[in-house]
J.: 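So that we are looking at the same thing, I have put the structure below in structure tokens.
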Number of protein chains: 4
Amino acid sequence: MARPKSEHKRNAILSAAAGVIAEQGGSATTARIAKEARVAEGTLFTYFANKDDLLNQLYLELKAGLRNAMLHGYPLDASLRERAWHAWNAYLDWAIAHPAERRALARLTLSERVTEASRKAGNDGFAPISAALQEAAALGKLRDHPVPFVGAIMNSLAETTMDFVAHYPAEAGRYRTAGFEAFWSAIAGG
Amino acid sequence: MARPKSEHKRNAILSAAAGVIAEQGGSATTARIAKEARVAEGTLFTYFANKDDLLNQLYLELKAGLRNAMLHGYPLDASLRERAWHAWNAYLDWAIAHPAERRALARLTLSERVTEASRKAGNDGFAPISAALQEAAALGKLRDHPVPFVGAIMNSLAETTMDFVAHYPAEAGRYRTAGFEAFWSAIAGG
Amino acid sequence: MARPKSEHKRNAILSAAAGVIAEQGGSATTARIAKEARVAEGTLFTYFANKDDLLNQLYLELKAGLRNAMLHGYPLDASLRERAWHAWNAYLDWAIAHPAERRALARLTLSERVTEASRKAGNDGFAPISAALQEAAALGKLRDHPVPFVGAIMNSLAETTMDFVAHYPAEAGRYRTAGFEAFWSAIAGG
Amino acid sequence: MARPKSEHKRNAILSAAAGVIAEQGGSATTARIAKEARVAEGTLFTYFANKDDLLNQLYLELKAGLRNAMLHGYPLDASLRERAWHAWNAYLDWAIAHPAERRALARLTLSERVTEASRKAGNDGFAPISAALQEAAALGKLRDHPVPFVGAIMNSLAETTMDFVAHYPAEAGRYRTAGFEAFWSAIAGG
DNA sequence: TATGAATGAGCGTTCATTCAT
DNA sequence: AATGAATGAACGCTCATTCAT
């Protein structure tokens, strides 16, 4: 093969896209992304069929990165609260370490251009966390909340917490704990 | 430009904008909005200096509408929980009655085109609710959470609840209560 | 109405398109056409939905112009030969007077982008000439040739004649006559 | 570039080009041609300096192929009419046997990218046929037509005939004869 | 020499904004 | 003030050509 398609270049484009989307949101252009990735405009299209494809692949990549972060070291056998605490922290750690990725993911999640199929695929692999919630529900530990509702609550409280952590880094620890307490109080009981 | 002739026309444009943004998100064009408002393309620009101005004014208008809904009949002298319950229900009622507005507001809140100034101005007028939270905090009834954090938690849980209400209208009542319980548990105590 | 869409501008674009296509063929760009028409690039698209639409409308317009030229003064009651002679001359006169249009029409006729529907519509209105051929065939004056074949022969000989007239303007008259004689000999008889 | 390694590969590219141009006309891309020739995109440019060069060489190649077909078995000593009949049939046989080549040649003949020099060179080698026409003219057998005009008439009538043969294969024989009769009547006489 | 990824000028088209009416 | 045609910068994307392998 002449010059093989380089995983490095693909990642550079995805990474540049995350940065530009985090910064500019809906007005991120392919020209800007290519420039940021130090790649010709046309090159972007040898790695991604079109802009929507890039957006969807980026969404998937970000979801996968987050999942890896959350599931790395996940204490399968610990108590429910400990597992929740692990997931909570892993999420915050990832978000703190990857602010652009986090912002880009938030924007993509709300974009009309990310397909339903991508959303579904992106949520695969979060199975262990879902499983924990299912188990908790079965044990009657989740008040009366439907499982997906609890998942959504966790998500939205974590996002909110993350907003404060990002805004007040000096009090990151405090918000991290407070957010978790709020979450745990919100769902546990029964 | 400063004093448009017809308040009716201005409202038609704002209302059309809410509808189109709710539906199309980032790809809403001024041409489409004007058409929906039954107004010429150019007319839009005698009421709003440019698209960003329209977006920011719409954001403000939606925030004001929501505030009016939440504060109408607000029981200033009731218990903290009752006041929270009132606000909670008022929010959900507004969102159910104005789905396009709600969706547009959610999208604008995340848009890079709504300025910090607009966001600040938009949160003015929610003072009575903030006041209640302040009071609660002073009484030590809010665990240890900073007041703005509690406000944000309320907001994000209400949004999450609203998503489920919209998705499963048959179980609206259940989610309405469950969401409030989650919220109240999350923040009350101490 | 603010500024009505002007027939003049539409014609300027069509005329510019004919000129540029005659000159550049397949590599005629919308930018070049707009420039030649002294119109902004975007304006072209307020008169024509897209480039293909422009091409098809131009084809139709050129066909209509040619038809008008050929049918103007057409001697419905003259002899067959006289009617053929009239059509022959009218075609050559039009082609000589409108060299760019003629060349553009030739190119469009061969383009993949002119639809079957346009071709069909373009041939409507040449009915009187077709009728003459039908009549001649009925009278057994066309040797044994099928009518459409005779029409095609006339067309191709006229085109060939026109090529020579264009190339050797000094001998235009000679080719005009010689071409017609060739045509008439080719089809008449029986 | 001047001495490509493989004549086979050069032919594969030319042949693929004929096919793609016949099919797609002006929108034939070098990428598509290379793919069809089972050759890398870059390889095309080691055999041809650029796309225009490929087009011109293809034109020449097609002309040469047609010439070979027409001159093979050409009855130098037969009567004028017999020689014309031979050429006529040879052309139709070639066109029927090589539809893509014929179509590509027709398109290239009209393309602005085939140079005057190529056209001239392409017509060399049809000398024997020209010679026959010259001879006939000298003998006063060609009415009064200039020789090149007669050649062009033959060409355009053969093309027209070919269009009908391609469209109505069941009546190929009839059109073949009728076309020739039309041609012969058009030019012979005196 | 052959490969195919890389390049970037240039394409057709959109759209926020201006301006003649 | 209202209209909508006119504008042209900017977009996503294509493709002939180059060049590292």
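Predicted, not measured: the structure shown is a model, and the values here were computed from it. Proteins get letters first, then strands, A, B, ... in listed order; numbering begins at 1 in each.
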J.: What I want to find out is whether Glu116(A) reaches Lys120(A) closely enough, with some N-O distance under 4.0 Å, to be called a salt bridge.
T.: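 No.
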
J.: Round to the nearest Å and state the distance from Phe48(D) atom CZ to dA2(E) atom P.
T.: 12 Å

J.: Nearest-nucleotide wise, let me know which of Ala40(A) and Gly42(C) is further upstream toward the 5' end of DNA chain E.
T.: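 The residue mapped nearer the 5' terminus is Ala40(A).
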
J.: Let me know the distance between CG of Asn50(D) and P of dT18(F), rounded to the nearest Å.
T.: 8 Å

J.: Is the shortest side-chain N/O distance from Thr46(D) to OP1 or OP2 of dT1(E) below 4.0 Å?
T.: no

J.: Which nucleotide sits closest to the side chain of Arg3(A): dC13(F), dG4(E), dA2(F)?
T.: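 Minimum distance to the Arg3(A) side chain belongs to dG4(E).
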
J.: Closest approach to the side chain of Val39(A), judged atom by atom: which nucleotide of dT17(F), dT7(E), dT13(E) is it?
T.: dT7(E)

J.: dT17(E) phosphate, OP1 or OP2: any side-chain N/O from Lys51(B) under 4.0 angstrom?
T.: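 So the side chain of Lys51(B) is outside the cut-off, no N or O lying under 4.0 Å from OP1 or OP2 of dT17(E).
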
J.: On the nucleotide dA2(F), are OP1 or OP2 found under 4.0 Å from the side-chain N or O atoms that Tyr47(B) carries?
T.: yes

J.: Whole angstroms only, please: what is the CD-P distance between Glu41(A) and dC15(F)?
T.: 16 Å

J.: Contacts to DNA chain F from residues 19-38 of chain B, heavy-atom cutoff under 4.0 Å, which residues?
T.: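 None - not one residue of the stretch has a heavy atom sitting under 4.0 Å from the strand.
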
J.: When you compare the side chain of Arg107(A) with that of Glu112(B), does any pair of heavy atoms fall below 4.5 Å?
T.: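 Of all side-chain heavy-atom pairs linking Arg107(A) with Glu112(B), at least one is under 4.5 Å.
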
J.: Name the stems that DNA chain F belongs to, where each is three or more consecutive Watson-Crick or G-U pairs with both distances under 3.5 Å?
T.: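 Result, WC/G-U stems under 3.5 Å: E:2-21 with F:2-21.
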
J.: Please walk me through it: do Arg119(B) and Thr109(B) pass side-chain contact (heavy atoms from CB on, under 4.5 Å)?
T.: CA-CA 8 Å; Arg119(B) 290 171 201 277; Thr109(B) 299; 4.2 Å; yes

J.: To the nearest Å, how far apart are Ile13(C) CD1 and dT13(E) P?
T.: 13 Å

J.: Could you tell me how far apart Leu54(C) (CG) and dG12(E) (P) are, to the nearest whole angstrom?
T.: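 Leu54(C) atom CG is separated from dG12(E) atom P by 10 Å.
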
J.: Starting from C1' on dA6(F), measure out to CG on Leu44(C) and report it in whole angstrom.
T.: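 One finds 12 Å between C1' of dA6(F) and CG of Leu44(C), rounded.
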
J.: Kindly say whether Arg113(C) contributes a backbone atom to a donor-acceptor pair with the side chain of Asn56(C) at under 3.5 angstrom?
T.: yes

J.: With the side chain counted from C-beta on, respond yes when Ile33(D) and Phe48(D) share a heavy-atom pair under 4.5 Å apart, and no when they do not.
T.: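 Result no, sub-4.5 Å side-chain heavy-atom pair not found.
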
J.: Would Arg102(C) and Glu159(C) pass as an ion pair if we require N to O under 4.0 Å?
T.: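 A salt bridge links Arg102(C) with Glu159(C).
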
J.: From C-beta outward on Lys9(C), which listed nucleotide comes closest to its side chain: dA6(F), dG12(F), dT7(E)?
T.: dA6(F)

J.: Looking only at side-chain atoms of Thr43(D), point me to the closest of dT17(E), dT3(F), dT3(E).
T.: dT3(E)

J.: Give the intermediate values and the outcome of side-chain hydrogen bond (donor to acceptor under 3.5 Å, both in side chains) for residues Thr43(A) and Thr46(A).
T.: CA-CA 5 Å; Thr43(A) 300; Thr46(A) 83; 5.6 Å; no

J.: Determine all donor-acceptor pairs shorter than 3.5 Å in which one atom belongs to a side chain in residues 6-25 of chain A; sequence neighbours excluded.
T.:
residue: Ser6(A); atom: OG; partner: Lys9(A); partner atom: N; Å: 2.7
residue: Arg10(A); atom: NH2; partner: Gln57(A); partner atom: OE1; Å: 2.6
residue: Asn11(A); atom: ND2; partner: Glu7(A); partner atom: O; Å: 3.3

J.: Could you say whether Asp52(D) or Ala49(A) is positioned toward the 5' end of DNA chain F, judged by the nucleotide with the nearest heavy atom to each?
T.: Ala49(A)

J.: Would you mind reporting whether Tyr47(B) and Leu54(B) have side-chain heavy atoms less than 4.5 Å apart?
T.: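 No, their side chains stay 4.5 Å or more apart.
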
J.: Evaluate the side-chain proximity of Glu41(C) to Lys35(C): yes if any heavy-atom separation is below 4.5 Å, no if none is.
T.: no

J.: Whole Å only: how far is the CD atom of Glu7(A) from the P atom of dA5(E)?
T.: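 It is 14 Å, rounded to the nearest whole Å.
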
J.: Distance check needed: dA6(E) P versus His8(A) NE2, whole Å only.
T.: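 So the NE2-P distance, His8(A) to dA6(E), works out to 11 Å.
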
